[in-house]
Protein chains: 2
Amino acid sequence: MSGTTPGIRAPRADARRNRDRILEVAEQYFAEHGVAGSLDQVAKNAGVGAGTLYRHFPTREDLLAALLAAREDHLTQQLEAIRADATDAATALHRWLAALAEWACAFDGLPDPLREALSENVSPLTLTCQGYITTTDGFLAAAQHEGSARKGVRARDLFLLVLATSWARSAAMADDSSLAGMLDLLRSGWARTTDK
Amino acid sequence: MSGTTPGIRAPRADARRNRDRILEVAEQYFAEHGVAGSLDQVAKNAGVGAGTLYRHFPTREDLLAALLAAREDHLTQQLEAIRADATDAATALHRWLAALAEWACAFDGLPDPLREALSENVSPLTLTCQGYITTTDGFLAAAQHEGSARKGVRARDLFLLVLATSWARSAAMADDSSLAGMLDLLRSGWARTTDK
DNA sequence: AACGCTAAGGAGACAGTCTCCGTTTGTCAA
DNA sequence: TTGACAAACGGAGACTGTCTCCTTAGCGTT
């Protein structure tokens, strides 16, 4: 035992190469055809057999989770930036939700498996979502404490509605301004209240 | 010519019977398995060949449109009731949106083809959606005129967000209270504003 | 009763998912 | 080096679902 964990062997070189190649190709393919595209086609584009693809990523969700893991950095960076700027809690929450919404638009059709991951809690995507809900809850609680967010609003609902907004975006002639518009609507609601 | 429109023949008795039977069975099947279920299975359950089903309803959307047409009465009745009660425009809008949200939950997965119908405007569902958007716009404009809805909110966005809410509902452990909660969020937003 | 034409049925082409198993290949110890 | 072994590969093929095409059945009319 030369320092590596006993019982766990390093993956073979070709396996690692194939895995990377699949991810690379899938990223491109999903970007073009949406996350519901043909997996066999991904395998073909990567120059591997279907069996190889399914061994590395047993389900579509596993593949998706790996792709999102690669993008996690980007969201994390935004998170840091938001925390650093920290003007008021409401602005921070709004910016975080906008970042989330953009994240969920990374691939066409992405919101669907994310929603799925929240209902049946045995998906490789579940953990990611749970984490982001927790983060959302942090921002939300701060804003509520500050008095700039209404009580009774729950982080999970908020997260779901942001996902839903991303889902809706692909209908709205796909312009990013309508995404922003709907997020504003989520913040302020359609009603003009004098509030209590 | 005995009063019937010339050039258009009455459908044959068996054709009509089959069509009705398919609708009846599809209603039940979709209610159980969602709108993405197997059409061949619907045909089998109805005791007809696949060809018969596809002749009557060339696409899944056609079948869906026919099913929704049968339910139109229900929504129309609610619409009348809302108009009759007419307390204030804001309440009316909220009740209308709630009715819409419930309507879009009639079958599991229904929001997806509805959203689709809005992006590519050549679907048998497009007309239905457009009509409901117009209705929404009526309520919205009244509320805006009354001063109880914010300016700048667009009916189409509102309709889409209601659809999105129905889409989100199926994740939220499917309890109807969370649907109501999200609709409230849509009305008031998460922010606690003193408004201008 | 016979005939013409609408509609039914279902076989089959096609596309996608996913598994299984014979074959290849990287790795490590001798 | 070489050989042995496990790890990984590839792709044929079973299965499911969509949708079309063409033959057959039978409705409605004369």
Side-chain angles (χ1 to χ4, degrees), chain A residues 1-26 29-30 32-66 108-109 112-113 116 123-124, chain B residues 1-26 29-30 32-66 108-109 112-113 116 123-124:
Chain A
M1 7 187 130
S2 52
T4 58
T5 320
I8 293 182
R9 311 171 69 91
R12 248 169 59 171
D14 54 344
R16 191 180 165 73
R17 215 172 27 238
N18 276 329
R19 195 191 134 92
D20 290 351
R21 177 106 187 91
I22 289 169
L23 282 176
E24 194 182 332
V25 163
Y29 184 84
F30 282 169
E32 253 173 68
H33 301 87
V35 300
S38 159
L39 292 185
D40 269 32
Q41 194 57 54
V42 170
K44 262 206 187 92
N45 289 357
V48 302
T52 300
L53 188 152
Y54 283 100
R55 193 170 330 101
H56 285 292
F57 308 103
T59 70
R60 187 182 296 269
E61 284 70 40
D62 285 303
L63 178 52
L64 227 36
D108 193 48
D112 294 280
E116 213 67 11
S123 159
Chain B
M1 331 181 166
S2 52
T4 59
T5 320
I8 294 182
R9 311 172 69 90
R12 244 168 60 174
D14 54 346
R16 187 179 171 74
R17 213 171 29 236
N18 277 329
R19 195 192 135 92
D20 290 350
R21 178 110 186 87
I22 289 169
L23 282 176
E24 194 182 332
V25 163
Y29 184 84
F30 281 168
E32 253 173 69
H33 300 87
V35 299
S38 160
L39 292 184
D40 270 31
Q41 195 56 54
V42 170
K44 261 203 188 91
N45 289 357
V48 302
T52 302
L53 188 152
Y54 285 100
R55 193 169 330 99
H56 283 292
F57 307 102
T59 71
R60 188 181 294 269
E61 284 69 42
D62 285 304
L63 177 53
L64 227 37
D108 194 47
D112 293 279
E116 214 68 11
S123 159

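Chain A is the first sequence line, chain B the second, and so forth, proteins listed ahead of strands; every chain is numbered from 1.
- Of the side-chain N and O atoms in B:Thr52, none sit less than 4.0 angstrom from OP1 or OP2 of C:dA7.
- The distance between atom NE2 of A:His33 and atom P of C:dA15, rounded to the nearest whole Å, is 14 Å.
- Among the nucleotides C:dT17, D:dT18, D:dC9, the one closest to any side-chain atom of A:Leu39 is C:dT17.
- The closest donor-acceptor contact from the side chain of B:Arg21 to the backbone of B:Val48 lies at 3.5 Å or more, if one exists at all.
- Judged by distance alone, with hydrogens and angles left aside, the side-chain atoms of A:Asp62 form a donor-acceptor pair with the main-chain N or O of A:Thr59 at under 3.5 Å.
- If you run side-chain contact (heavy atoms from CB on, under 4.5 Å) between B:Val25 and each of B:Asp20, B:Val42, B:Leu53, only B:Val42 comes through.
- Rounded to whole angstrom, the span from the CD atom of A:Glu61 across to the C1' atom of C:dT17 amounts to 13 Å.
- When the C1' atom of C:dC14 is taken as reference, atom CD of A:Gln41 falls 15 Å away, rounded to whole Å.
- The shortest heavy-atom contact between A:Gly49 and A:Ala43 is O-CB, 4.1 Å.
- Regarding contacts with the backbone of D:dT16, every side-chain N or O of B:Ser38 stays at 4.0 angstrom or more from both OP1 and OP2.
- Looking at B:Arg16, its side chain never comes within 3.5 Å of a backbone N or O of B:Ala10 through a donor-acceptor pair.
- A:Asp62 has its CG atom 14 Å from the C1' atom of C:dC18, to the nearest Å.
- Distances shorter than 4.0 Å separate none of the side-chain N or O atoms of A:His56 from OP1 or OP2 on D:dA8.
- With C:dG9, C:dC18, D:dG10 as the candidates, the nucleotide lying closest to the side chain of B:Val48 is C:dG9.
- Between the CZ atom of A:Phe57 and the P atom of D:dA8 there is a distance of 13 Å, rounded to whole Å.
- In this structure, CZ of B:Arg19 is placed 12 Å from P of C:dA8, rounded to the nearest angstrom.
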Protein N or O to nucleotides 21-30 of chain D N or O, pairs below 3.5 Å:
from	atom 1	to	atom 2	distance (Å)
D:dG26	N2	B:Arg12	NH1	3.3
D:dG28	OP1	B:Ala13	N	3.2

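- Looking at which nucleotide of DNA chain D each of B:Ala36 and A:Asp40 is closest to, the 5′-most match is held by A:Asp40.
- Atom OH of A:Tyr54 and atom P of D:dA7 are 24 Å apart (whole Å).
- No donor-acceptor distance shorter than 3.5 angstrom exists from the side chain of B:Asn18 to the backbone of B:Ala15, with no hydrogens or angles considered.
- In this entry the distance linking CD1 of B:Ile22 with C1' of C:dG9 reads 12 Å, nearest Å.
- Annotation: side-chain hydrogen bond (donor to acceptor under 3.5 Å, both in side chains) contacts involving residues 42-53 of chain B, sequence neighbours excluded, comprise B:Gln41-B:Asn45.
- Nucleic acid contact for B:Ala15: sugar-phosphate only, since backbone atoms but no base atoms lie under 4.0 Å from a heavy atom of the residue.
- Here B:Asn18 reaches the OP1 or OP2 of C:dA8: one of its side-chain N or O atoms lies under 4.0 Å away.
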